[in-house]
Amino acid sequence: MNSIFALVDCNNFYASCEKLFRPDLKQKPVVVLSNNDGCVIARSKEAKILGIKMGVPIFQVRDDIIKHNVMCFSSNYALYADMSNRVMTILEEEAPRVEVYSIDEAFLDLTGVDHALDVLDFGRQVKARVDKHTGITVGIGIAPTKTLAKLANHAAKKYPATGSVVDLMDRARQRRLMALVDVGDVWGVGRRLTDKLKARGIKTALNLADADPKCIRREFSVVLERTVRELNGVSCMELEALAPTKKQILCSRSFGQRITDKFELRQAVAKYVARAGEKLRGEKRLARVIQVFIRTGVFNPNDPQYSNALSVELPYPTDDTRDLLEAADVLFSRIYRAGYRYAKAGVMLTDFFEQGAYQHDFFKNSPERSHSKALMEVLDRINHSGRGTVFFASQGITPQWLMKREHLSPAYTTRWSDLPIVY
DNA sequence: TCTGGGGTCCTAGGACCC
DNA sequence: TCTGGGGTCCTAGGACCC
């Protein structure tokens, strides 16, 4: 049976979340900043019109921000994740199978759904329900492949006359749209590929669709070949309703200010290890390999640069933060060099095993620490309860390097004391 | 002065084995 | 003089995504 995919995408998601709880900002330009308040990572419609670009460092647009009275928010992921869940819950009520593709996007599988409505009416109904129940506006693209659904969604955003819902099931319509779309706006075609494709005269999505898939595979990759086929209506990417288990867990942060002190840097690494361990247990996995990396800033050419990473295979797969801390500490002391201004550090866990699936070495007697499971459970439970935090001494008690979040909005939906009250 | 974080997949090349 | 071929595994790096 031929597939039908719908891509639902929240408009200006982070900026929209912030605006929901601030009616006074309704027609005002709003931007949301990355960690450390470094870059612009989301913009409201009004901010886009002002020409504030995605990803620009905030200091480069400071004049515009002041001149046009743009409201800035530090990113508030607790709020965005909660709003995302509300949107996804509604989508799951509307469609039999849903793939949550990112915090603000989902693919719906409409294949074989018996619609009294046609797909366009169905899309409009979904959009109206999300709007009514969450206040978030979405765009919807409907097409026979994921790549075309992305394209339809692109059109839904770009052309207001569509009412933000585009039905791209028809081949002639697909070709008309593709002729208008820059090849760089195709899903899966990034900046590098755009340059290479354009150098070969492939400038629009339609040019790419009409290219020979065999040549594309030879000169580029199987990934791009798939894209070509998808643009021609041949579905090569399934809907994945179950989130695949993770293959790596990464915890890294840039610091609010440069670190020169060895013990402070060590604390930062310990903190990321603890966080990574928490995520690992959340995934119900054990990790056998841990990597630590540290680096100086990359933007100041006058600063001496240093960057290094080291990984180790642990004696047995573990999810015990104590094991991870111990290993990380050894790695850290081997790569640490004095005399640099460090800007970032991180910890990566890989080589995962299912809990209980690992066969221990017969000749070693029970290598794990005692009460590991119970201790980690208590640790996670306390830290998730919101009533306090427990942490390892190596993480430090009053870190100076915490990231900057100077424009953080309240936790409107996840903390009772921050609940907005309407009188 | 100030420039995010967290992922996936694919490929090429080297080491090693028979 | 002639100097194999096929396979696996691992890693680093490149590309993409949001």
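These figures come from a predicted structure and were not determined experimentally.
Contact check, A:R226 against B:dC9: no side-chain N or O comes under 4.0 Å of OP1 or OP2. Within the structure, a side-chain polar atom (N or O) of A:S254 is placed less than 4.0 Å from OP1 or OP2 of B:dG5. When the side-chain nitrogen and oxygen atoms of A:S252 are compared with OP1 and OP2 of B:dG6, one or more of them lie within a distance under 4.0 Å. Between B:dG7 and A:K279, a contact under 4.0 Å exists linking OP1 or OP2 to a side-chain N or O. Applying the 4.0 Å criterion to OP1 and OP2 of C:dC16, one finds that A:K196 has every side-chain N and O outside that range. Regarding contacts with the backbone of B:dG4, every side-chain N or O of A:K344 stays at 4.0 angstrom or more from both OP1 and OP2.
Rounded to whole angstrom, the span from the CG atom of A:D351 across to the P atom of C:dC9 amounts to 14 Å. Taking atom CG of residue A:L224 and atom C1' of nucleotide C:dC17, one finds them 15 Å apart after rounding to whole Å. Between the CD1 atom of A:I41 and the C1' atom of B:dG5 there is a distance of 9 Å, rounded to whole Å. Protein atom CZ of A:R288 is 9 Å distant from nucleotide atom P of C:dC10, rounded to whole Å. Whole-Å rounding puts the A:Q291 CD to B:dG6 C1' distance at 14 Å. For the pair A:D185 CG and C:dC18 P, the interatomic distance rounds to 11 Å; values are reported in whole Å. The interatomic distance linking A:R192 (CZ) with C:dC17 (P) rounds to 13 Å, in whole Å. Remark: P of B:dG7 and CD of A:E240 are 17 Å apart, rounded to the nearest angstrom.
Across all strands shown, A:E105 has heavy atoms under 4.0 Å from sugar-phosphate atoms exclusively, and none from any base. Within the 4.0 angstrom heavy-atom criterion, only backbone atoms of the sugar-phosphate kind lie near A:D104; the bases stay farther away. Counting any heavy atom pair closer than 4.0 Å across all strands shown, A:R217 reaches no nucleic acid atom. Within the nucleic acid shown, A:V298 has no heavy atom closer than 4.0 Å to any nucleic acid atom. Counting non-hydrogen atoms under 4.0 angstrom, A:V189 reaches the backbone sugars and phosphates but no base. Residue contacts shown for A:I103 are absent, as no nucleic acid heavy atom lies under 4.0 Å away. The residue A:K404 sits apart from the nucleic acid: no heavy atom pair falls under 4.0 Å. When heavy atoms are screened at a 4.0 angstrom cut-off, A:R258 is found touching the sugar-phosphate backbone but no base atom. If you check every strand for non-hydrogen atoms under 4.0 Å, A:L33 touches nothing.
In this model, a donor atom of one side chain and an acceptor atom of the other lie less than 3.5 Å apart for A:T147 and A:E230. Using a 3.5 Å distance cut-off with no hydrogens or angles, the side chains of A:Q355 and A:D319 do pair a donor with an acceptor. Checked by atom type, the side-chain pair A:N36/A:S254 shows no donor-acceptor distance below 3.5 Å.
The backbone N or O of A:G297 sits nowhere less than 3.5 Å from a side-chain atom of A:D303 that would complete a donor-acceptor pair.
No cation-pi contact links A:K246 to A:F352, judged by a cut-off of 6.0 Å to the six-membered ring centre and 45° from its axis.
In this structure, C:dG5 and B:dC18 make a Watson-Crick or G-U wobble pair, each of the two defining distances being under 3.5 angstrom.
With the nearest nucleotide of DNA chain B identified for both A:N300 and A:I249, A:N300 has the one nearer the 5' end.
Taking every side-chain heavy atom of A:Q248 into account, B:dT8 is the closest of B:dG4, B:dT8, C:dC17. Taking only side-chain atoms of A:R62, from C-beta outward, the nucleotide of B:dG6, B:dC2, C:dC18 with the closest atom is B:dC2. Nearest to the side chain of A:K246, among B:dG4, B:dC2, B:dT8, sits B:dT8. Closest contact between the side chain of A:K247 and the listed nucleotides B:dC9, B:dT11, B:dG5 involves B:dC9. Distance from the side chain of A:N36 is smallest to B:dG5 among B:dT11, C:dC16, B:dG5. With B:dC10, B:dG5, C:dC18 as the candidates, the nucleotide lying closest to the side chain of A:W187 is C:dC18.
Note that the CZ atom of A:R266 and the CG atom of A:D261 stand 11.0 Å from one another [nearest 0.5 Å].
Between A:D320 and A:R322 a salt bridge is recorded (basic side-chain N to carboxylate O distance below 4.0 Å).
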